[in-house]
Amino acid sequence: VYFQYQALNWLSFKTSFSAGVNNGVNSSAYGAQTTAGVKLGNINSASIKNMQNFNYTWDNQIDLKHTFNEVHNVSVLLLQSFYSNTDENSYMFSNNQPFDVGSNNMGSGVQTSYQITSGYEKNTLNSYAVRLNYGYKDKYLITASTRWDGSSVLAEGNKWTSFPSVALGWNISRESFLADSNAISNLKLRASIGYTGNDNVAPYTSQDLLNQQTFYANGGNVVSGWQSKNLANTNLTWEKTRELNLGLDFGFLSNRITGTVDVYDRLSDKLIQEQKLPYETGWDKTYANEGSVSNKGIEVGLPTKKIKS
């Protein structure tokens with residue numbers, strides 16, 4: 001759903017809200033004479049798994065657009081966005097039920113066969129952005145923007161970061177020295193540099209979780225306890241990609257021949273990777289900003305057009 005309000009000719013406000021709900025139940029039951037039942041010693045067994053997901057996104061934006069002296073086109077976008085995602089799950093298993101009751105009476109199985117687990121995860125992303133567009137006679141163009149993102153899945157002190165970008169454009173074909181050209185119908189030079197990011201890890205990765213059961217001796221007794229399965233990385237931060245682009249758009253003979261040429265330099269840094277740890281550490285793995293990928297190249301686009309005689 002959304003609501004939009006045009007306060008003035010040059011000022012508008014829009015708010016939108018979207019949500020998703022996904023609830024599922026997966027149950028299974030195996031009689032004593034089934035393959036699963038025979039493997040357990042000719043007894044009944046059953047399990048049931050519940051999964052629940054709720055997510056929503058709320059966006060608010062303010063648009064300002066105005067033309068000064070018929071030659072200066074200015075627009076400003078202010079954006080605020082909030083995303084939330086919650087997952088819950090539970091699992092139950094038992095066997096040796098006296099009757100074939102499916103998964104409708106899990107408690108009738110023997111207590112020593114009970115397997116019960118449950119889980120809860122929540123992650124949020126809070127974002128703010130500002131974008132400025134300016135054009136002079138549609139010849140000289142500039143776009144500058146900055147985005148601030150805060151992710152709940154990253155470490156304290158590293159949850160927030162900014163992603164600035166700037167782009168310049170020059171419509172050469174609109175210059176007076178090409179105004180009467182029959183051969184060149186479009187010629188535009190572009191240059192841009194900007195940053196994007198990724199928080200590609202599961203919730204609570206940067207925290208120590210008591211998620212692995214262990215047992216230890218306390219005198220003559222064996223006592224159960226809990227420990228962290230994975231080593232928390234308290235420095236886990238955003239992946240960042242910096243991209244530099246130089247481009248040329250062209251059109252000749254009333255745009256019968258068109259194309260683009262782009263030269264790009266893309267560097268992705270601090271990529272989040274899983275790292276296996278030696279058994280002696282007592283942890284299974286950790287996640288760290290270790291990877292880096294660089295891509296450089298040239299892209300040429302030459303779309304075809306049918307020529308009618």
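Numbers for residues simply follow the sequence, beginning at 1. Side chains are part of it too, since the values below use all heavy atoms of this structure and drop only hydrogens, waters and symmetry mates.
Between the side chains of N233 and S206, no donor N or O sits under 3.5 Å from an acceptor N or O. Remark: the H72 side chain and the Y136 side chain contain no N/O donor-acceptor pair separated by less than 3.5 Å. Residues S84 and T124 have side chains that never bring a donor and an acceptor to within less than 3.5 angstrom of each other. Donor-acceptor pairing under 3.5 Å is recorded for the side chains of N60 and T15. Donor-acceptor pairing under 3.5 Å is lacking for the side chains of E121 and N123. For the residue pair S185/S254, the side-chain donor-acceptor check at 3.5 Å is not satisfied. For S81 and D59, the side-chain atoms include at least one donor-acceptor pair closer than 3.5 Å.
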Derivation and outcome, side chain to side chain contact (heavy atoms under 4.5 Å, CB included), residues S294 and K296: CA-CA 7 Å; S294 177; K296 300 178 181 179; 4.0 Å; yes
Determine, step by step, whether Q52 and D87 satisfy the side chain to side chain contact (heavy atoms under 4.5 Å, CB included) criterion, reporting the C-alpha distance in whole Å, the side-chain angles of both residues, the deciding distance to 0.1 Å, and the verdict. CA-CA 6 Å; Q52 297 177 327; D87 288 294; over 6 Å; no
For the pair Q97 and S94, evaluate side chain to side chain donor-acceptor pair (under 3.5 Å) and give the outcome as yes or no after the intermediate values. CA-CA 8 Å; Q97 294 92 352; S94 69; 2.9 Å; yes
Given the rule in the side chain to side chain contact (heavy atoms under 4.5 Å, CB included) test, do T143 and L132 qualify, once you have shown the distances and angles that lead to the verdict? CA-CA 6 Å; T143 298; L132 169 67; over 6 Å; no
Intermediate values then yes/no, side chain to side chain contact (heavy atoms under 4.5 Å, CB included), L187 and D249: CA-CA 6 Å; L187 191 62; D249 302 332; over 6 Å; no
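By the 4.5 Å heavy-atom criterion applied to side chains, I48 and N26 are not counted as neighbours. The closest side-chain heavy-atom distance from L244 to R242 is below 4.5 Å. Contact check for N95 versus V110: side-chain heavy atoms found under the 4.5 Å cut-off. Looking only at side-chain heavy atoms (C-beta outward), W160 and W148 come within less than 4.5 Å of each other.
Aromatic ring orientation, W10 versus H66: perpendicular (interplanar angle above 60°, classes split at 30° and 60°).
When hydrophobic clusters are built by joining Ile, Leu, Val, Met, Phe, Trp and Tyr residues whose side-chain heavy atoms come closer than 4.5 Å, directly or via intermediates, Y134 is grouped together with L78. Residue V74 is grouped with residue L168 when hydrophobic side chains (ILVMFWY) are merged at heavy-atom distances under 4.5 angstrom, including chains of intermediate members.
With hydrogens and angles ignored, the 3.5 Å screen pairs a side-chain donor or acceptor of S181 with a backbone N or O of I184. Using a distance-only test at 3.5 Å, with no hydrogens or angles considered, a donor-acceptor pair links the side chain of N289 to the main chain of T237. A donor-acceptor pair under 3.5 Å is absent between the side-chain atoms of N50 and the main chain of V25, judged by distance alone. A donor-acceptor pair under 3.5 Å is absent between the side-chain atoms of N69 and the main chain of V71, judged by distance alone. Between the side chain of T258 and the backbone N or O of N255 there is no donor-acceptor pair closer than 3.5 Å. Without hydrogens or angle criteria, R174 side chain to N171 main chain gives no donor-acceptor distance under 3.5 Å. In this structure, E175 contributes its side chain and F177 its backbone to no donor-acceptor pair below 3.5 Å. Side-chain atoms of N218 never come within 3.5 Å of backbone atoms of V223 as a donor-acceptor pair (strictly under, hydrogens ignored).
The distance from the CG atom of L248 to the OG1 atom of T260 is 8.5 Å, given to the nearest 0.5 Å. Interatomic distance, N245 CG to S165 OG, rounded to the nearest 0.5 Å: 12.5 Å. Between L125 atom CG and S151 atom OG the span is 6.0 Å, to the nearest 0.5 Å.
Between K285 and E274 there is a salt bridge, since at least one side-chain N of the basic residue sits less than 4.0 Å from a carboxylate O of the acidic one. Under the 4.0 Å criterion applied to side-chain N and carboxylate O atoms, D149 and R147 are assigned as salt-bridge partners. Salt bridge status for D262 with R190: present, with a side-chain N to carboxylate O gap under 4.0 Å.
Annotation: cation-pi pair K14/Y2 present, NZ/CZ under 6.0 Å from the ring centroid and within 45° of its normal.
Taking the six-membered ring for Trp and the full ring otherwise, the centers of W238 and F163 sit less than 6.0 Å from each other. Here F252 and F250 bring their ring centres to under 6.0 angstrom of each other.
Considering all non-hydrogen atoms of both residues, Q61 and D63 come closest at NE2-OD2, 2.8 Å. Residue P203 comes nearest to K122 through the heavy atom pair CB-O, 3.8 Å, listed as atom of the first residue, atom of the second, then distance.
Screening N198, T161, T196 for a side chain to side chain donor-acceptor pair (under 3.5 Å) with K240, the sole residue that qualifies is T161.
Heavy-atom neighbours of Q213 CD from other residues, nucleotides or ligands within 6.0 Å: above the threshold of 12. Within 6.0 Å of CG on N182 lie no more than 12 heavy atoms contributed by other residues, nucleotides or ligands.
Here F17 is tied into one hydrophobic group with V1, V21, F54, Y56, W58, F82, each link being a pair of ILVMFWY side chains closer than 4.5 Å.
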